Novice: 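Take a look at this one; I'll ask things after.
Quick caveat, the model's predicted, so the values are computed rather than measured.
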Amino acid sequence: MTARRDSVRVLAPTGMLGAGFPPETVTRGLDLGADVIAVDGGSTDSGPYYLGSGIAKTAAAAVARDLRLLLRAAATARIPLIIGSCGTSGTDSGVDWVAGITRQILTEEDLDLRVATIYSEQQAGDLKGHLDHGRVHPLPPAGDLDLATVEGCEHIVAMMGHEPIAEALAAGADVVLAGRATDTAIAAAYPLMAGMPAGPTWHAAKIVECGGQCTTNPRAGGVLATIDATGFTIEPLDPAVACTTTSVAAHMLYETVNPFSMREPAGTIVVTDATYRALDDRRVRVEGSRFEPAAQHTIKLEGSRITGYETMSFTAIRDPHILGQITTWSALLRRMIGEWVTNALGLSPDEYAVDIRLYGYNAVLDTNDPATGPPREVGVMLLVNAADQQTATAIAKIANPLMLHLPTPDMDYLPSLAFATSPAETERGAAYEFVLNHVVDVDSPTSLFRINLPEDTDG
């Protein structure tokens, strides 16, 4: 077990494994006395595809580059390295992917580090028991969960807190590769094992979760948080960068429903009474954070299912006459696609979906931010979703001449628009959606996870 100490220094090199960082910033973190390296390996930010497909968002070469530097650092300083949400979504295949890269590097670098893996993927049959016993509850705005939804998911992961990671560390792991985990659990596990108070530990873990994002230059590398009995101090690893009271406090606004509190599996971080004080022009001291243990430990579930298959086309409009009535043109395009698809393929509107997005006009916010004048140019993205790829592509091909030559109702000639690619249709494969936003009541914080304890690197 980790011995109790007066303080613990957590090195967070980057916001996500594979995003890169200057090597010298990690070296400086070691020089400042880092006790543990913690880095997130995933996110749901990029949508449901990565969980549904079990494929990582990051490139293997980028992950290997970061891992090599971090494994060398951990071996040099003889401190643990913790990586959570491996492979972007934390699936079992994501953990195995990162573990394979890790073992290859350990062999190449002749590093003697013990590796533990933690798997968080869930099977529908196992979750049925929790459903039957009323232990699964929705988070807003989700509704009650049924078994059919669970069984329809391609992959389901449970989001662990710090406890499985702490168990692996206690068993002697030098490197912990975890499946889906809360961002904060990755950085909180080691300090909590070392006896640091929960309030400052969880708050510090929240602030460092995205590396240098809490600094004045997020591109310059990560941060070091020093947690002690009364609070924590945070500083950038790049000497030319600063943490300010604003940049640190503002990170509680990031990905939270309430900037003064945030729920973890074991309880709630509360920063209502937290104070932020500049120690100098680079470091910030935070005190007054607290952690309120929950009456019931809960584990969040994330699941993704296939909604169909997509084909995309993209054309561009510069014709000022069309741009002057772009919404009329878009509505006409949608109506005519529907008519042509019915006539050519015999499909009814409920057998497919068409999404038309006008980039340069309202593609991002749609009618939430109405345009006030004609745009200079517009990119028109057509997304077709159907039950199979062949049908989706056939619909996009039927739309092809319309996206190339459709005039507005008052034009007496055919305009020529510009496709971005040839062929104009790009098959995107399966499309996914998140369908689980629920928590499971558990008796043990580790019961939903499979922990493979340290392995000898030569074994």
Side-chain angles (χ1 to χ4, degrees), residues 10 12-21 37-60 62-67 70 81-99 101 118-122 139 153-162 164-165 176-189 202 205-214 218-219 221-223 250-257 262-265 269 299-305 431-439 449:
V10 180
T14 182
M16 184 172 177
L17 186 72
F21 50 85
I37 302 171
V39 59
D40 192 9
S43 174
T44 58
D45 291 355
S46 298
Y49 169 83
Y50 301 99
L51 175 58
S53 66
I55 296 174
K57 170 184 177 178
T58 43
V63 169
R65 180 265 184 195
D66 286 2
L67 264 176
L70 297 178
L81 168 62
I82 303 168
I83 301 170
S85 298
C86 287
T88 304
S89 57
T91 58
D92 291 359
S93 61
V95 174
D96 289 339
W97 182 65
V98 176
I101 297 172
I118 306 175
Y119 295 97
S120 62
E121 196 157 344
Q122 307 296 304
L139 297 173
C153 290
E154 296 297 306
H155 295 282
I156 300 170
V157 291
M159 182 180 282
M160 73 184 76
H162 74 284
I165 299 170
V176 178
L177 306 177
R180 189 69 171 120
T182 73
D183 297 350
T184 39
I186 303 162
W202 284 109
K206 168 59 182 171
I207 300 303
V208 306
E209 65 176 351
C210 288
Q213 189 166 311
C214 62
R219 299 173 301 279
V223 292
H251 200 71
M252 281 302 301
L253 294 166
Y254 181 69
E255 297 181 338
T256 57
V257 175
M262 190 176 76
R263 178 63 196 266
E264 290 290 323
I269 308 165
I299 299 293
K300 183 174 179 285
L301 299 175
E302 295 173 348
S304 178
R305 71 181 177 193
Y432 298 85
E433 67 175 346
F434 288 123
V435 291
L436 297 185
N437 191 36
H438 299 74
V439 294
F449 308 100

Novice: Without swapping roles, check the side chain of S85 against the backbone of A181 for a donor-acceptor pair under 3.5 Å.
Specialist: yes
Novice: Would you say that I299 contacts F449 through its side chain, given a criterion of any heavy-atom pair below 4.5 Å between the two side chains?
Specialist: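 In short, these two side chains touch, coming nearer than 4.5 Å.
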Novice: Would D40 and L17 count as a side-chain contact (heavy atoms from CB on, under 4.5 Å) if you check the C-alpha gap in whole Å, the side-chain angles of each, and the deciding distance to 0.1 Å?
Specialist: CA-CA 6 Å; D40 192 9; L17 186 72; over 6 Å; no
Novice: Of I82, L81, I83, which meets side chain to side chain contact (heavy atoms under 4.5 Å, CB included) against I37?
Specialist: L81
Novice: Evaluate the side-chain contact (heavy atoms from CB on, under 4.5 Å) criterion for residues V435 and C153: first the C-alpha distance (whole Å), next the side-chain angles of each, then the deciding distance (0.1 Å), finally the verdict.
Specialist: CA-CA 8 Å; V435 291; C153 290; 3.5 Å; yes
Novice: Going through the checks in order, is the side-chain contact (heavy atoms from CB on, under 4.5 Å) test met by L139 and H438?
Specialist: CA-CA 5 Å; L139 297 173; H438 299 74; 5.9 Å; no
Novice: Taking all heavy atoms of V95 and all of I118, pick out the closest pair and write down the distance.
Specialist: CG2-O, 3.7 Å
Novice: Between D66 and G20, is there a donor-acceptor pair closer than 3.5 Å when you use the side chain of the first and the backbone of the second?
Specialist: yes
Novice: Could you go through K206 and T184, starting from their C-alpha distance and side-chain angles, then the distance that decides it, and tell me whether this counts as side-chain hydrogen bond (donor to acceptor under 3.5 Å, both in side chains)?
Specialist: CA-CA 5 Å; K206 168 59 182 171; T184 39; over 6 Å; no
Novice: If we only count heavy atoms from C-beta on, is the T14 to V39 side-chain gap below 4.5 Å?
Specialist: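 In contact.
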Novice: Looking at every non-hydrogen atom in both residues, tell me the closest pair between S120 and D92 and how far apart they are.
Specialist: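 S120 and D92 have their closest heavy atoms at N-OD1, 3.8 Å.
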Novice: Provide the closest heavy-atom pair for G87 versus V98 in the form atom of the first, atom of the second, distance.
Specialist: N-CG2, 3.7 Å
Novice: Would you check if I55 and Y49 make a side-chain contact, meaning some heavy-atom pair closer than 4.5 Å?
Specialist: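 SC-SC contact between I55 and Y49 confirmed.
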Novice: Measure across G18 and A62 and return the closest heavy-atom pair with its distance rounded to 0.1 Å.
Specialist: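 Minimum heavy-atom separation between G18 and A62: O-CB, 3.4 Å.
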Novice: List for me each residue that meets ring pair (Phe, Tyr, Trp, His ring centres under 6.0 Å) alongside Y254, sequence neighbours excluded, and say none if there are none.
Specialist: H251
Novice: So do the side chains of M262 and V257 get within less than 4.5 Å of each other, counting heavy atoms only?
Specialist: no
Novice: Do H162 and I186 come within less than 4.5 Å of each other through their side chains, counting heavy atoms only?
Specialist: no
Novice: OG/S304 to CG/L51 distance, rounded to the nearest 0.5 angstrom?
Specialist: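 Interatomic distance, S304 OG to L51 CG, rounded to 0.5 Å: 5.0 Å.
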Novice: Roughly how far, to the nearest 0.5 Å, is the CG atom of L436 from the CG atom of L301?
Specialist: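 Reported value, rounded in 0.5 Å steps: 6.0 Å.
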Novice: For Y432 versus P48, what's the shortest heavy-atom pair and its separation?
Specialist: O-CG, 3.1 Å
Novice: So, taking the atom named CD in E209 and the one named CD in E255, what distance separates them when rounded to the nearest 0.5 Å?
Specialist: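 Here the interatomic distance stands at 6.0 Å.
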Novice: Output yes when a side-chain donor or acceptor of T88 lies under 3.5 Å from a complementary backbone atom of K57, and no otherwise.
Specialist: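 Confirmed, T88 side chain pairs with K57 backbone.
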Novice: Quick one: is the NZ or CZ of R180 closer than 6.0 Å to the six-membered ring centre of Y119, and within 45° of its axis?
Specialist: no
Novice: If you take all heavy atoms of T58 and M16, which pair is closest and at what distance?
Specialist: CG2-CE, 3.9 Å
Novice: Give the intermediate values and the outcome of side-chain contact (heavy atoms from CB on, under 4.5 Å) for residues F21 and L70.
Specialist: CA-CA 10 Å; F21 50 85; L70 297 178; 3.7 Å; yes
Novice: Do the side chains of M160 and I165 get nearer than 4.5 Å, heavy atoms only?
Specialist: yes
Novice: One pair to check against side-chain hydrogen bond (donor to acceptor under 3.5 Å, both in side chains): E264 and T182. What are the steps and the verdict?
Specialist: CA-CA 8 Å; E264 290 290 323; T182 73; 2.9 Å; yes
Novice: What I'd like to find out is whether the side chain of I156 reaches to under 4.5 Å of the side chain of E121, using heavy atoms alone.
Specialist: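 No, their side chains stay 4.5 Å or more apart.
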